[in-house]
Amino acid sequence: MSGESEMDDLRHRVEALEAEMERVREQAGSAHTLAALADRDAAEVRAVGRANNQLLTALRDTQREQGEGLAALQRAVETMAQAIGGLATGQAALQEGQRAILAELRALRRSTTED
């Protein structure tokens with residue numbers, strides 16, 4: 001091979017390497033951009049996960065509070081039911097007493113009208 005031919009070959013090879021390096025730089029830039037986008041997406045997923053955890057914690061706390069409130073209401077209703085039961089028993093005793101008094105009054109009236 002002659003000197004000029006070797007220089008042309010070397011020139012072509014250098015040009016090919018330079019073109020290849022340009023493609024490599026572009027691919028590296030694209031890879032860097034993709035990595036940055038993936039990192040941002042991962043950060044967003046983590047943020048959504050944290051928000052979901054906070055939401056579930058708040059829902060759990062609310063459910064617990066509501067459960068405690070319902071239990072308190074149930075106890076209050078049971079207490080009122082017992083009180084109403086006591087009132088009903090007392091009312092029945094009063095009615096029985098009123099019947100006895102009425103029977104006594106009728107008996108007295110009969111005995112006074114017979115005399």
Side-chain angles (χ1 to χ4, degrees):
M1 227 187 216
S2 72
E4 196 172 304
S5 164
E6 285 180 18
M7 285 302 288
D8 284 341
D9 183 46
L10 187 57
R11 234 181 260 129
H12 289 299
R13 289 175 61 195
V14 168
E15 288 172 2
L17 281 173
E18 287 175 345
E20 182 64 27
M21 285 304 298
E22 185 60 33
R23 283 192 297 274
V24 167
R25 281 188 203 101
E26 288 174 6
Q27 289 175 350
S30 295
H32 180 70
T33 300
L34 288 175
L37 291 173
D39 186 51
R40 188 188 72 201
D41 289 348
E44 287 177 13
V45 167
R46 285 190 300 271
V48 168
R50 281 191 300 275
N52 285 339
N53 283 341
Q54 289 172 345
L55 175 65
L56 289 173
T57 299
L59 285 172
R60 184 191 66 218
D61 292 345
T62 300
Q63 253 186 336
R64 188 186 69 246
E65 291 168 3
Q66 289 175 345
E68 291 169 356
L70 286 173
L73 286 173
Q74 184 177 3
R75 287 189 299 274
V77 166
E78 289 169 358
T79 301
M80 289 182 355
Q82 289 174 351
I84 290 170
L87 289 173
T89 302
Q91 183 68 26
L94 284 173
Q95 286 176 342
E96 187 58 37
Q98 289 172 344
R99 283 189 198 103
I101 291 170
L102 282 172
E104 288 284 326
L105 288 173
R106 287 183 184 131
L108 279 174
R109 186 171 36 171
R110 271 188 240 124
S111 70
T112 57
T113 55
E114 290 177 3
D115 287 337

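What you are looking at is a predicted structure, and each value in this text was computed from that prediction instead of being measured.
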Pair E15 + R11: basic N to acidic O under 4.0 Å: no
Steps toward side-chain contact (heavy atoms from CB on, under 4.5 Å) verdict (E18, V14): CA-CA 6 Å; E18 287 175 345; V14 168; 3.8 Å; yes
Taking only Lys NZ, Arg NE, NH1 and NH2, and the carboxylate oxygens of Asp or Glu, determine whether R99 and E96 approach each other closer than 4.0 Å. yes
Could you tell me whether E22 atom CD has more than 12 heavy atoms of other residues or ligands within 6.0 Å of it? yes
Can a salt bridge be assigned to the pair E20 and R23 using a cut-off of 4.0 Å between side-chain N and carboxylate O? yes
Once rounded to the nearest 0.5 Å, what's the spacing between atom CD of E68 and atom CG of L73? 12.0 Å
Would you give the length of the straight line joining atom CZ of R60 to atom CG of L55, rounded to the nearest 0.5 angstrom? 11.5 Å
Between the CG atom in D61 and the CD atom in E65, the distance rounded to the nearest 0.5 Å is 6.0 Å
Once you round to the nearest 0.5 Å, how far does CG of D8 lie from CZ of R13? 13.0 Å
For Q95, does the CD atom sit with more than 12 other heavy atoms under 6.0 Å from it, leaving out its own atoms? yes
If you count every heavy atom of other residues, nucleotides or ligands that lies below 6.0 Å from E4 atom CD, does the total exceed 12? no
How long is the gap from CG on L17 to CG on L10, to the nearest 0.5 Å? 9.5 Å
Got a second to check how far Q66's CD is from L59's CG, nearest 0.5 Å? 9.5 Å
